Structures are given as C-alpha cells and as structure tokens.
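Computed over heavy atoms, backbone and side chain alike; hydrogens, waters and symmetry mates excluded. Since this is a predicted model, take the numbers as computed values, not measurements.
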2 protein chains.
Amino acid sequence: MALGKDYVTQECSIARALEVVGERWTLLVVRDAIYGVRRYNDFLVHLGIPRAVLSARLRTLTEEGILEKRRYQQSPPRDEYVVTERGAALWPVLRALGHWGREHVDATRLRSFRHADCGGEVEPYGTCAACGTLVAVRDVVMVPGPELDPDPADPVSRALLRPKRLLEPLETDPAHLAD
Amino acid sequence: MALGKDYVTQECSIARALEVVGERWTLLVVRDAIYGVRRYNDFLVHLGIPRAVLSARLRTLTEEGILEKRRYQQSPPRDEYVVTERGAALWPVLRALGHWGREHVDATRLRSFRHADCGGEVEPYGTCAACGTLVAVRDVVMVPGPELDPDPADPVSRALLRPKRLLEPLETDPAHLAD
DNA sequence: GGGGTCAGTTCAATGACCGAACCGTAAGAC
DNA sequence: GTCTTACGGTTCGGTCATTGAACTGACCCC
C-alpha cells in the first residue's frame with residue numbers, strides 16, 4: 001500500500017491484511033498465481049496489467065513471501081513466480097470474493113470449483129457439498145463454466161478453458177492445448 | 001474503481017467483486033459499517049480517512065446498494081449509512097481477510113468473534129466451534145481482545161472496546177460508555 | 001547479421017489520494 | 001439577537017500511483 005500513511009490508525013487484522021494485498025491488481029495477481037500462472041508474460045497478457053505495475057507487484061509479493069521467485073532455466077536466465085503457503089492461504093479470501101461477485105454483482109457462472117477427491121462442488125465456505133470435508137486449496141479443481149468465452153485471445157485464457165487443479169503450473173504450450 | 005479501464009479483460013467474478021469493493025478504503029468502510037458505525041463523523045475519526053475520499057466512498061457504496069442512506073432526524077437534517085443485505089454478504093470476505101492477517105501478518109489477537117447463541121468462537125470458515133452451525137452475521141458478537149489499546153483517542157474505538165453484536169448500531173454516546 | 005522472445009526499466013501524462021481550509025445548516029448558550 | 005459548536009459535507013493545490021508506449025538487454029535460432 002503505502003500512500004502517505006498506510007492504514008496507520010487501524011488496530012485491526014483486516015487492515016493489516018489490506019496493507020499487504022489491498023493495492024490495485026494485487027489480489028488478481030495472487031488469483032492467477034493460484035490458478036497456476038507463473039511467468040511474467042503470462043500474468044501480463046492474462047491480466048492486461050501495465051508492465052511497470054506488474055513488476056512492482058511481483059516484487060512486493062515476493063518480498064512479502066506470498067510468491068517465491070525461482071529460476072527454472074539457466075540460459076537464457078528465466079524465473080518463475082510460485083505461490084508459497086502464505087500465498088495459498090489467501091484462497092479463502094478469493095473464494096469469498098468470487099462468491100460475493102457471483103451472488104451480488106453478476107450472476108453468470110463463469111467457473112466452478114470442485115473437490116478433486118469426490119467431484120463435489122466446493123461451497124462458499126470451503127466445504128465439499130458431496131462429502132462435507134473442508135477442501136484444501138491443492139484439492140480444488142477449477143472447472144470452466146458454459147458462459148465463459150469459448151475462444152479467448154490470449155493463450156493463458158485458452159489454457160484455463162480446461163479443468164485444472166489449483167496451484168499446479170499452467171501449461172500454455174500449444175502442443176498440450178491441441179490434444 | 002475506474003482508472004482508465006477497470007479490470008476489463010477479466011472474465012471472473014473475483015475481478016467483478018473487486019471492481020466494486022477493490023478501491024482503497026472501501027472494504028474498511030464496509031467493515032466499520034458492519035461493526036455498527038453509521039455516521040459520517042464516526043467513520044471519519046475511526047478510519048482517519050480524508051473527508052473527500054470518505055464522501056466518495058459513501059456515495060458509491062450507496063449507489064452500489066451496499067449501504068443505504070437513511071434520514072434519522074429532521075432538524076438538523078442528518079443521515080446515517082446502514083449496511084444492506086448485499087453489504088452484510090461481504091462479511092465472509094472480511095472474516096477471511098482478518099483471519100489471514102492474524103495468521104500471516106501479525107499474530108496479535110485484537111478481537112475475536114463469537115456465536116451469540118452459544119458463545120462458541122466463530123472459526124475461520126464461519127462455523128461455530130461449540131455448536132457447529134454456520135453463524136450468520138447478525139448472530140456474531142465481536143469481543144475485544146487483551147492486546148487492544150485500552151484507552152484509544154477516538155470515541156468510536158472506545159465504543160468498540162466492549163462486546164458488540166454485529167450490524168447493530170454503535171453507541172458512541174458518552175452516557176452509555178460510562179456505565 | 002537479422003529477427004524473435006522474454007523480462008524487465010524508463011518516461012511523460014493522467015488519475016487518485018492527501019491534508020487543510022472553507023461553507024451552510026441548525027442547535028444551544030448567553 | 002449574537003456567539004459558539006457540531007455535523008456533514010465541498011473545494012483546492014500538492015503529492016503519489018497508475019497508465020501506455022517506447023526502450024533495453026540478454027539470449028536463441030536461422
């Protein structure tokens with residue numbers, strides 16, 4: 001955050017959280033990271049975010065321990081940004097936001113989330129409708145809904161058209177999208 | 001939101017939600033409203049927010065149907081801002097944020113939330129630790145913790161030093177604070 | 001050497017936010 | 001009737017953040 005004073009007078013853990021993830025774009029970067037996006041360029045085209053802002057957000061999210069910068073090839077040197085435990089712990093926040101958006105902003109069902117073990121739908125509060133267990137992030141499968149644009153422009157959106165387990169890296173390689 | 005384009009490329013209910021409540025200060029205003037703050041001046045002193053920004057947020061939150069402007073006295077004309085159903089539905093988002101802040105930013109336990117019916121603690125996912133039911137916002141009692149400043153400067157923080165049921169109007173009248 | 005990809009940085013322009021000052025209505029004190 | 005205070009704003013100049021476009025640099029392949 002950091003604009004003059006942050007939420008300085010606030011003795012409140014909600015304000016503390018918002019000081020870390022309350023800036024514009026930040027939660028969308030975390031959402032994408034949880035969806036499996038890891039590369040600078042993939043965040044860029046999927047979010048439509050200005051490059052300078054993306055660089056700034058990736059830097060502060062890394063400093064805050066929400067993402068981890070990790071070299072995945074030496075030549076040319078390439079880094080990827082992977083969600084940490086701390087970042088994955090933001091999943092309930094994103095789920096709650098998404099649920100509110102679907103209920104109170106726009107009713108279209110763009111995606112649904114299912115329990116990988118039993119296929120039951122993950123309910124607003126994070127439990128599985130079928131088996132009742134509290135579903136951990138890594139056991140959630142994102143399933144695209146019928147109202148999603150079937151032919152999006154960017155490769156990341158295209159890769160997200162198929163069911164995908166959260167946290168696992170997103171495969172934008174066209175070879176994988178063909179099969 | 002509204003800065004150039006909003007999150008325009010985003011086909012996602014999380015982005016939709018953030019277009020409505022993603023601006024700086026917005027979620028803190030909603031939090032205060034759920035805590036029972038209703039008057040312009042009370043928001044002002046409790047948040048330490050610039051007046052112009054508060055006016056703007058109250059206006060857009062009212063337009064979005066998250067708060068409702070309501071005349072509570074005719075002379076002098078005075079309005080209060082009361083959370084609607086739609087606003088109260090943001091409670092799970094705030095609870096999730098607060099939980100993340102407490103777990104991953106600052107471990108101090110500033111406040112806890114309890115089920116009004118049985119006194120059990122409301123868990124991160126909204127259920128009561130004692131009786132297991134999913135606790136609705138209006139059945140939550142906010143209980144101040146020991147690490148909260150015992151003698152805050154503003155009357156709203158002072159009023160929030162005593163246990164308080166969410167959504168009910170906050171009483172900042174000194175007469176009530178004395179007993 | 002030329003062209004392409006990726007991951008950034010730099011920069012001028014615009015928009016949002018900040019703090020302080022001002023304003024209008026009305027109540028209550030004197 | 002005048003003075004003071006409280007409340008709920010608006011206005012304004014300055015600062016900070018965000019934007020989009022252009023540029024950089026490292027590397028690969030042909």
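- Using a 4.0 Å heavy-atom distance criterion, Y81(A) is classed as a sugar-phosphate-only contact.
- Checked against dA26(C), dT18(D), dC17(C), the side chain of E23(A) finds its nearest nucleotide in dT18(D).
- The nearest whole Å value for the distance from the CZ atom in R24(A) to the P atom in dT19(D) is 5 Å.
- Listed pair K69(A) / dG8(C) meets the phosphate criterion, a side-chain N or O lying under 4.0 Å from OP1 or OP2.
- No side-chain N or O of D139(B) forms a donor-acceptor pair with one of H115(B) less than 3.5 Å apart.
- With respect to the salt-bridge test (charged N to carboxylate O, under 4.0 angstrom), the residues R38(B) and E171(B) do not qualify.
- Relative to the side chain of P50(A), the nucleotides dA27(C), dC28(D), dG20(D) differ in distance, and dG20(D) lies closest.
- Of the residues near DNA chain D, V53(A) and Y40(B), the one whose nearest nucleotide (by heavy atom distance) lies more toward the 5' end is Y40(B).
- For the pair L44(A) CG and dT19(D) C1', the computed distance is 13 Å after rounding to whole Å.
- Note on W25(A): a side-chain N or O is less than 4.0 Å away from OP1 or OP2 of dT19(D).
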Self-check item: Derivation of the side chain to side chain donor-acceptor pair (under 3.5 Å) call for R78(A) and Y40(A)
Solution: CA-CA 10 Å; R78(A) 288 283 180 268; Y40(A) 185 91; over 6 Å; no

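- Put simply, the side chain of R51(B) and the base of dG8(D) share a donor and an acceptor less than 3.5 Å apart.
- When the side-chain nitrogen and oxygen atoms of Y72(A) are compared with OP1 and OP2 of dC6(C), none of them lie within a distance under 4.0 Å.
- Here the C1' atom of nucleotide dA21(D) and the CG atom of L54(A) are 16 Å apart, to the nearest Å.
- Protein atom CZ of R59(A) is 16 Å distant from nucleotide atom P of dA7(C), rounded to whole Å.
- A salt bridge is defined here as a Lys NZ or Arg NE, NH1 or NH2 lying under 4.0 Å from an Asp or Glu carboxylate O, and R102(A) with E147(A) fails to meet this definition.
- One can place CD of E19(B) at 17 Å from C1' of dA16(C), the figure rounded to the nearest angstrom.
- Note on R57(B): a side-chain N or O is less than 4.0 Å away from OP1 or OP2 of dC17(C).
- Contact between the side-chain N/O atoms of S55(B) and the OP1/OP2 oxygens of dG9(D) is not found at any separation under 4.0 Å.
- Residue A52(A) is classed as a base contact, given a heavy-atom separation below 4.0 Å to a base.
- One interatomic measurement links the two molecules: CD of Q74(B) to P of dC7(D), which rounds to 18 Å at whole-angstrom precision.
- Residue R78(A) has no polar side-chain atom (N or O) positioned under 4.0 Å from OP1 or OP2 of dG8(C).
- Sequence order on DNA chain D of the closest nucleotides to A56(B) and P77(A) puts A56(B) first from the 5' end.
- For the pair I49(B) CD1 and dG8(D) P, the computed distance is 15 Å after rounding to whole Å.
- W91(A) has its ring centre less than 6.0 Å from the ring centre of F113(A).
- Put simply, CG on L58(A) is 14 Å from C1' on dC6(C), counting in whole angstrom units.
- A side-chain donor-acceptor contact under 3.5 Å links Y72(B) and R39(B).
- Phosphate proximity of dA6(D) to R39(B): absent, as no side-chain N or O sits under 4.0 Å from OP1 or OP2.
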